Amino acid sequence: MINLGYPCINLSLKSKGISTNRTIRLAGVKKHGEEAIGQIALCNVMDLYKILEWNRDNGITLFRLSSDIIPWGNKLGFRHLPQASDIIYWFELCGKLIKESNQRITTHPGPFNLLASPKEDVIRNTIADLEMHSEIFDLMNLSRTPYNKINIHVGASYGDKISAAKTWVTNFKRLSEGVRSRLTIENDDKASMFSVVDLHEMIHTEVGIPIVFDYHHHQFQTGGLSEEEALKLAVSTWPEGIVPTVHYSESKRLHENDMKVRAQAHSDFINGPINSYGLRLDVMLETKQKDLALLKFRKKLNESL
DNA sequence: ATAGGTCAAGCGAGG
DNA sequence: CCTCGCTTGACCTAT
């Protein structure tokens with residue numbers, strides 16, 4: 001009862017030069033102007049279309065959109081770029097393909113998105129980043145529900161988890177409806193941060209958004225729950241009719257038997273098994289080998305049937 | 001052509 | 001105090 005997806009980068013196509021992750025340094029923008037950003041963004045969005053076609057042709061219906069698709073988009077936006085109308089056109093085209101091929105698209109803005117930060121600048125950057133993701137999803141006509149989740153962490157506790165959560169909830173209210181209706185929150189991978197229990201008590205009960213369960217992170221912050229208990233608590237926060245999404249990865253340290261590697265680092269491939277405890281889940285595989293790891297694991301699953 | 005240093009954003013853990 | 005890891009490595013310059 002699990003459906004598999006992969007994040008942001010398609011290595012099968014990257015080897016052919018197809019990517020949504022081209023970017024440009026600030027120095028490059030100063031040298032070549034914002035037109036250069038537009039060029040790169042347009043190439044990225046046109047290649048997104050090719051990746052979506054590849055997903056369709058390979059029977060993959062869960063995919064995470066890269067946050068790098070518009071270089072500097074989180075700071076500068078994209079509607080002012082000379083290529084804006086073409087960029088928008090291609091996003092709309094991607095949206096049509098997504099609908100036709102029944103793909104579920106999600107996104108996971110970076111670890112700099114911190115709604116609990118005591119710094120107003122950090123909050124403002126976070127809001128701008130989240131709003132850009134929502135704007136792109138709107139252009140692709142993706143639902144304003146957690147089916148198309150914009151997923152982040154609380155990501156820090158600033159020495160006081162309870163007051164950090166309060167700050168988070170206060171700042172959540174500054175987000176637009178497009179962000180709030182899609183936002184999900186994921187358990188952290190550090191003991192000082194937020195477990196599924198913490199998120200349930202301090203975030204979900206306050207603002208109602210669903211919890212994304214990450215199997216790997218759970219090992220570093222259990223909140224006193226077993227894997228099954230934590231998964232089921234997270235799943236209980238999802239609205240009726242929307243398949244909950246979870247994240248699955250394995251430790252690079254264990255795969256390579258190298259204790260020098262940090263335990264949180266992700267492996268290239270996964271062995272499984274992924275225990276869904278009988279639940280229907282959309283599983284995002286967070287591996288370094290992306291689509292290649294998905295194809296390999298799916299083959300293994302099919303052969304074991 | 002490729003390797004290695006550098007780069008836009010925040011935080012905490014580990015050495 | 002520096003580096004790594006996370007979301008998600010890619011750019012750029014020097015060899």
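Treat the numbers as computed from the prediction; the structure is a model and nothing was measured. Labels below follow one simple rule: chain letters A, B, ... track the order of the sequence lines, proteins then strands, and each chain is numbered from 1.
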Q. If we ignore angles and hydrogens, is there a donor and acceptor under 3.5 Å between the side chains of A:H204 and A:T237?
A. no
(Q) Taking the basic N atoms (NZ, or NE/NH1/NH2) and the acidic carboxylate oxygens, is any pair closer than 4.0 Å for A:K173 and A:E206? (A) no
Q. Residues from residues 37-51 of chain A sitting under 4.0 Å of DNA chain C, heavy atoms only?
A. none
Q.
I want to check something: taking the side chain as every heavy atom from C-beta on, are A:D214 and A:D189 in contact at a cut-off of under 4.5 Å?
A. no
**Q.** Listed nucleotide nearest any side-chain atom of A:R262, set C:dC6, B:dC11, B:dG14
**A.** B:dG14
Q. Quick one: are A:D188 and A:Q221 in side-chain contact, heavy atoms under 4.5 Å?
A. no
(Q) For DNA chain C, report each stem as range with range, ordered by first number, or say none. Use Watson-Crick or G-U wobble pairs under 3.5 Å, at least 3 in a row. (A) B:1-7 with C:9-15, B:10-15 with C:1-6
Q. Does the distance from a Lys or Arg side-chain N to an Asp or Glu carboxylate O, for A:D138 and A:R182, drop under 4.0 Å?
A. yes
Q | C:dG9 and C:dC4, which share atom name P, separated by this distance in whole Å | A | 15 Å
Q) Which nucleotides of nucleotides 8-15 of chain C have their base under 4.0 Å from a protein heavy atom (B), which only their sugar-phosphate (S), and which neither (-), written as one string 5' to 3'? A) BSBB----
Q.
Please give me every residue in residues 181-192 of chain A whose heavy atoms get under 4.0 Å of an atom in DNA chain B, ordered by residue number.
A. A:K190, A:S192
Q: Decide if atom CZ of A:F172 counts as having more than 12 heavy atoms of other residues, nucleotides or ligands within a radius under 6.0 Å.
A: yes
Q | Ionic contact status for A:R174 with A:E120, cut-off 4.0 Å | A | yes
Q) Among residues 150-172 of chain A, which contact DNA chain C at a heavy-atom distance under 4.0 Å? A) A:H153
Q. Using 4.0 Å as the upper bound for N to carboxylate O, is an ion pair formed by A:E303 and A:K299?
A. yes
Q) Does the pair A:F213 and A:H217 meet the rule for a ring pair (Phe, Tyr, Trp, His ring centres under 6.0 Å), with working shown? A) CA-CA 8 Å; A:F213 179 68; A:H217 295 170; 9.5 Å; no
Q | Span that lies between the P atom of B:dT2 and that of C:dC6, in whole angstrom | A | 27 Å
Extract from the structure each pairing of a protein N or O with an N or O of nucleotides 1-3 of chain B at less than 3.5 Å, listing the distance.
none

